2 protein chains.
Amino acid sequence: MPPPSEPDPTAVGRRVRALREARGISLSALARLAQVGKATLSGLENGTRNPTLETLYAITAQLGVPLTAVLFEPGAEPTVRGAAVNAILLEVFNDSDATYELYRMRIAPGTDQLSPAHQAGVTEHVTVFAGVLRAGPADAPLTAAAGDHLRWASDVPHVYAAVGDEEVAATLLLRYPRKP
Amino acid sequence: MPPPSEPDPTAVGRRVRALREARGISLSALARLAQVGKATLSGLENGTRNPTLETLYAITAQLGVPLTAVLFEPGAEPTVRGAAVNAILLEVFNDSDATYELYRMRIAPGTDQLSPAHQAGVTEHVTVFAGVLRAGPADAPLTAAAGDHLRWASDVPHVYAAVGDEEVAATLLLRYPRKP
DNA sequence: TACTGCTGTTCCGTAAACGGAACGATCGAG
DNA sequence: CTCGATCGTTCCGTTTACGGAACAGCAGTA
């Protein structure tokens, strides 16, 4: 999977300031309520500091919003994006002999996406709900239409691409077998 | 709104460790890939450090998961909870003369919930989709069934409660007028 | 056995995030 | 105008998160 969208420190500061001003409370007051220094909050809002998880939580808690409200653009789901693939992590199952990660993914038509190889033993399982997907090992990709299911060993570079001009909707199950 | 669910530092560490071990890579290797010290990662996984947003992001980026995957229990939506009310922030609009926060909320039957007063000028607008809601100023609450809409000034303590034994589904729009 | 390479933890000096105090600016009251 | 209060920023000493090195423990090899 490609790297997640970055939480820009200056954008985080801007969102904190916007939420604070919306509530009509001063920087000094919020710092007092959240029990952090005014210098800390000032630096955070101006993007000149690299806040600790603890301080950021203390502030968002006082603003009455979840941490995600300042980390990302509100409404934006916690997404893992690439050029063509847009996936969001739904669940993680920690079984006794493997870990499973369940993603809901959408693949835009027109562009391919190459993912690097995973650890040996890791497998990917895709179920297509809409569109036509071409995915699998880079040297031998498979094709699946709505309702179809694909699986491949992902210890080699693999690709994702939408066939035709319809966006592909699918679920991706990543299976990481436990090391013995 | 009540405080969000807390991101327990030890739980964050446990989730990072679980994700790392699922991928079958060592602590040393992940530290090298993420360009952080081994001591940093070790302390983070064991919950003895209070990580910076920057370091936490560098690590989750290498694991290929969004920040939220380690902050909260996977699958748990970024929710703002209280005894009876379960709300998730959907959107924030920064208009020229006001800020709007849109929540989707569910209210469990049986228990009431009291919210403290907001800033003067703040108004709440609730649209009920299912169930019967009793909400508004603590001294004069209003009642609304599915399809109804409520509004009140929230500069006084206010309550939320489900009437009957059906769960209430509704949207809540909080309006913070801009200071002149 | 000793050696090599790796694991994860601990020690330590440095860099920086922290809270508190001091600062100039702005506002309203007298 | 002066006073007092509060605003947000800046300075500063303390605390602590940081990266690198040293460490013990364990596997595989000669």
Side-chain angles (χ1 to χ4, degrees), chain A residues 6-63 67 70-71 99 119-121 176-180, chain B residues 6-63 67 70-71 99 119-121 176-180:
Chain A
E6 44 175 335
D8 181 6
T10 70
V12 170
R14 275 187 282 115
R15 281 188 280 268
V16 168
R17 175 158 291 178
L19 289 169
R20 173 177 66 78
E21 292 181 342
R23 282 153 183 74
I25 61 178
S26 66
L27 185 150
S28 313
L30 179 56
R32 186 167 0 98
L33 288 170
Q35 314 218 59
V36 304
K38 297 203 294 181
T40 302
L41 183 53
S42 175
L44 165 57
E45 288 193 355
N46 293 326
T48 62
R49 288 224 188 155
N50 177 227
T52 283
L53 199 56
E54 187 180 37
T55 58
L56 197 59
Y57 174 70
I59 291 164
T60 55
Q62 275 303 320
L63 292 171
L67 259 174
V70 299
L71 291 180
T99 299
Q119 196 74 9
Y176 298 93
R178 198 163 299 294
K179 298 280 109 175
Chain B
E6 44 174 335
D8 180 7
T10 71
V12 170
R14 275 187 280 117
R15 281 188 279 267
V16 168
R17 175 158 291 179
L19 288 169
R20 174 177 64 78
E21 293 183 341
R23 282 152 183 74
I25 63 177
S26 67
L27 186 150
S28 313
L30 179 56
R32 184 167 3 98
L33 288 170
Q35 314 218 58
V36 303
K38 298 201 295 180
T40 302
L41 183 53
S42 175
L44 165 57
E45 288 193 356
N46 293 325
T48 63
R49 287 226 189 151
N50 178 226
T52 284
L53 199 56
E54 188 180 37
T55 58
L56 197 58
Y57 173 71
I59 291 165
T60 55
Q62 275 303 320
L63 292 171
L67 260 175
V70 300
L71 292 180
T99 298
Q119 195 75 8
Y176 298 92
R178 199 162 298 292
K179 297 282 109 174

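Just so it is clear, the model here is predicted, and its values are computed rather than measured. Labels below follow one simple rule: chain letters A, B, ... track the order of the sequence lines, proteins then strands, and each chain is numbered from 1.
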Asker: Tell me, do B/T40 and B/I59 make a side-chain contact under 4.5 Å, heavy atoms counted?
Answerer: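 Side chain of B/T40 against side chain of B/I59, heavy atoms only: no contact under 4.5 Å found.
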
Asker: So, for A/V70 and A/V12, which heavy atoms are closest and what is the spacing to 0.1 Å?
Answerer: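 Heavy-atom minimum between the residues: O-CG2, 3.4 Å.
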
Asker: Quick one: salt bridge (Lys or Arg N to Asp or Glu O under 4.0 Å) pairs with a partner in residues 29-43 of chain A, sequence neighbours left out?
Answerer: none

Asker: For B/Q35, what residues pass the side-chain contact (heavy atoms from CB on, under 4.5 Å) criterion, not counting sequence neighbours?
Answerer: none

Asker: Whole angstrom is fine here: how far is it from CG in B/N50 over to P in C/dC18?
Answerer: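 The answer, rounded to whole Å, is 8 Å.
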
Asker: With the criterion being N/O to N/O and under 3.5 Å, what pairs connect the protein with nucleotides 4-7 of chain C, and how long is each?
Answerer:
residue, atom, partner, partner atom, Å
C/dT7, OP1, B/S26, OG, 2.4

Asker: Taking all heavy atoms of B/V36 and all of B/L41, pick out the closest pair and write down the distance.
Answerer: CG2-CB, 4.5 Å

Asker: Could you work out, with salt bridge (Lys or Arg N to Asp or Glu O under 4.0 Å) as the rule, every residue matching A/R23, not counting sequence neighbours?
Answerer: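 A/R23 satisfies salt bridge (Lys or Arg N to Asp or Glu O under 4.0 Å) with B/E101 once adjacent residues are dropped.
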
Asker: Check nucleotides 12-14 of chain C for protein N or O atoms closer than 3.5 Å to its own N or O atoms and list the pairs.
Answerer:
none

Asker: Do B/L56 and B/L44 have side chains that approach each other closer than 4.5 Å (heavy atoms only, starting at C-beta)?
Answerer: yes

Asker: Where does the chain A footprint on DNA chain D start and end, counting 5' to 3' with a 4.0 Å heavy-atom cut-off?
Answerer: D/dC7 to D/dC11

Asker: Tell me the closest heavy-atom pair linking B/A34 and B/A58, and the distance in Å.
Answerer: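 Minimum heavy-atom separation between B/A34 and B/A58: CB-O, 3.6 Å.
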
Asker: In whole angstrom, give the distance that lies between atom CD of A/Q35 and atom P of C/dG19.
Answerer: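 Atom-to-atom, A/Q35 to C/dG19, this comes out as 10 Å.
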
Asker: Does B/S42 make a side-chain N or O approach to OP1 or OP2 of C/dT10 shorter than 4.0 Å?
Answerer: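 No, B/S42 has no side-chain N/O under 4.0 Å of OP1/OP2 on C/dT10.
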
Asker: Can you give me the closest heavy-atom contact between A/R20 and A/L30, atom names plus distance?
Answerer: CD-CD2, 3.6 Å

Asker: Using the side-chain contact (heavy atoms from CB on, under 4.5 Å) criterion, which residues pair with A/S26? Sequence neighbours excluded.
Answerer: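 Only A/S28, A/A29 meet the side-chain contact (heavy atoms from CB on, under 4.5 Å) criterion with A/S26.
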
Asker: C/dC18, C/dT9, C/dG19: which one has an atom nearest the side-chain heavy atoms of B/N46?
Answerer: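 Per side-chain heavy atoms of B/N46, the pick is C/dT9.
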
Asker: From CG of A/L44 over to C1' of C/dC18, roughly how many Å is that when rounded to an integer?
Answerer: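 After rounding, the reported distance stands at 12 Å.
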
Asker: What residues form a salt bridge (Lys or Arg N to Asp or Glu O under 4.0 Å) with A/R17, not counting sequence neighbours?
Answerer: A/E45

